[in-house]
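Down below is the structure, laid out as structure tokens.
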Number of protein chains: 2
Amino acid sequence: MKQSTRDHIIQTASELFYEKGYNLTGINEIIAESGIAKATLYSHFRSKEELLLAYLEVRDQELLTNIRAFCESKPQGDSRLVAVLEFLIPFFNRGDFNGCWCLRSMAEIPRENENVRKKIRAGKQKLRGFILELVKDNKPAMSAEQQTALGNQLYLLYEGAVGESHLQDASWPIETSIDLLTSKLRQGT
Amino acid sequence: MKQSTRDHIIQTASELFYEKGYNLTGINEIIAESGIAKATLYSHFRSKEELLLAYLEVRDQELLTNIRAFCESKPQGDSRLVAVLEFLIPFFNRGDFNGCWCLRSMAEIPRENENVRKKIRAGKQKLRGFILELVKDNKPAMSAEQQTALGNQLYLLYEGAVGESHLQDASWPIETSIDLLTSKLRQGT
DNA sequence: AAACCAATAGACAGACTTGTCTGTTTACTA
DNA sequence: TAGTAAACAGACAAGTCTGTCTATTGGTTT
């Protein structure tokens, strides 16, 4: 089944937004790249901002699906927690890695744009929720407070690793965060 | 002694760039805000990009000065390492906190702009260098490898805390990173 | 075959942008 | 007092951008 026009537009915009940034990607570029007419785009999306929201949605969705699958491919227990960070290694190596789309988008929109900001926070919230669930599932002996604390720490390490590996254009921040987590986990047992 | 015109321009641009972002701040806004003529600006800076470089320079410089002073105000030893993260609490609370200017600028310039990218990396390198020195000074018993590892971890926690406290608009990431560091330091002794 | 719908190309409006240039005014110094 | 250097206001060029609109084409359904 052929991809719908709408999805095709999102796909193209998504790649361009992520590669070049939101403001530096023009509507004209999006339509040229995806081979559609401008009126077609504007019949599917009321504005460029709406396209940005769709972009954030699919990226967040995709990430969650992928990271979930990756973690479930590991044996239960601590290794599933470490997997959250290990997941970043192939992600970083994929060539089109360009950091966190949330932070990048955040930097590009005006402060008062609550629409986009909300969307960004919602996406991160889902990721944080997933990590917390993962901790609960794999650290059942821990108290709820401990689980929350560990979840937040893991989330923080994840975000730090993404941001820094991008900025430094190197994978050592990922490895550093893995080290930090594993030593933390060893400590707990 | 009156601030030189050049410094005055940088000051104004710096505030605007940090608050609204580079692309969303127009030259006209900078001159209006600082009350100077356009020709004056362009007699001091060849382009907007040159102004961006100056902005990154002074921000990085200022940060390093402040964080250094803050750490030295603490007693020697582990507390000086924790201070790197504690430094972020007043920073976050200052009202005009808006995350890391490096990451924000990184997100706004085209990929091929090596000029700005280099400047950004250089700034971060200095910060990383400072942290490494701090570790060496306050963990003299450690081997060089351990010092480097701890330095990288502390740097990573710092960056994660900045990025996330900004994104989440909350200070818990800072506290989480402090927890992670202190438990790590306890482990070492 | 006729009606309808979705997509097409691309001109256009209107509002931005950076950077240049002209000509004037102010302030300090020789 | 004359001369120099710096800052002034603001018009302007040349380009960018988003979003609208017209007029046309192709395919599907009734």
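Chain A is the first sequence line, chain B the second, and so forth, proteins listed ahead of strands; every chain is numbered from 1. These values consider heavy atoms only, across backbone and side chains, with no hydrogens, waters or symmetry-generated copies. As the structure is a prediction and not an experimental result, all values here were calculated from the model.
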- Item | Residues in side-chain hydrogen bond (donor to acceptor under 3.5 Å, both in side chains) contact with Ser171(A), at least two apart in sequence or another chain | Glu175(A)
- Applied to residues 42-51 of chain B, the salt bridge (Lys or Arg N to Asp or Glu O under 4.0 Å) test, sequence neighbours excluded, yields Arg46(B)-Glu50(B)
- Residues touching DNA chain D, which here means a heavy atom under 4.0 Å, drawn from residues 25-50 of chain A: Thr25(A), Gly26(A), Ile27(A), Asn28(A), Lys38(A), Ala39(A), Tyr42(A), Ser47(A), Lys48(A)
- Between Arg80(A) and Lys74(A), what is the shortest heavy-atom contact and its length? NE-O, 2.9 Å
- Query: Once you build an axis from the first five pairs and another from the last five of the helix from dA1(C)-dT30(D) to dA30(C)-dT1(D), how far apart in angle are they, to 10 degrees?
  - Reply: 0°
- Item | Residues which pass side-chain hydrogen bond (donor to acceptor under 3.5 Å, both in side chains) with Asp169(B), listed by chain and number, not counting sequence neighbours | none
- Task: Sequence neighbours left out, what passes side-chain hydrogen bond (donor to acceptor under 3.5 Å, both in side chains) with Glu133(B)? Give chain and number order.
- Result: none
- Query: How many Å lie between CG on Asp7(A) and C1' on dA6(C), as a whole number?
  - Reply: 16 Å
Under 3.5 Å, which donor-acceptor pairs link side chains of residues 35-42 of chain A to any protein atom two or more places apart or in another chain?
unit_1   : atom_1 : unit_2   : atom_2 : d
Lys38(A) : NZ     : Asn28(A) : OD1    : 3.0

- Query: Sequence neighbours excluded, which residues qualify as side-chain hydrogen bond (donor to acceptor under 3.5 Å, both in side chains) partners of Asn23(B)?
  - Reply: Glu108(B)
- Query: Of all nucleotides in DNA chain D with an atom under 4.0 Å from a non-hydrogen atom of chain A, which is the first and which the last going 5' to 3'?
  - Reply: dT18(D) to dC21(D)
- Query: Could you give all pairs that pass the ring-ring contact (aromatic ring centres under 6.0 Å, His included) test and reach residues 111-158 of chain B, with sequence neighbours left out?
  - Reply: none
- Query: By ring-ring contact (aromatic ring centres under 6.0 Å, His included), which residues pair with Tyr55(B), not counting sequence neighbours?
  - Reply: Phe17(B)
- Task: Round to a whole Å and report the spacing from OH of Tyr22(B) to C1' of dT17(C).
- Result: 11 Å
Contacts under 3.5 angstrom, residues 91-99 of chain A side chains, donor-acceptor by atom type, not counting sequence neighbours:
unit_1   : atom_1 : unit_2   : atom_2 : d
Asn93(A) : ND2    : Ile89(A) : O      : 3.2
Arg94(A) : NE     : Asp96(A) : OD1    : 3.4
Arg94(A) : NH2    : Asp96(A) : OD1    : 3.3
Arg94(A) : NH2    : Asp96(A) : OD2    : 2.9
Asn98(A) : ND2    : Tyr18(A) : O      : 3.0
Asn98(A) : ND2    : Glu19(A) : O      : 3.0

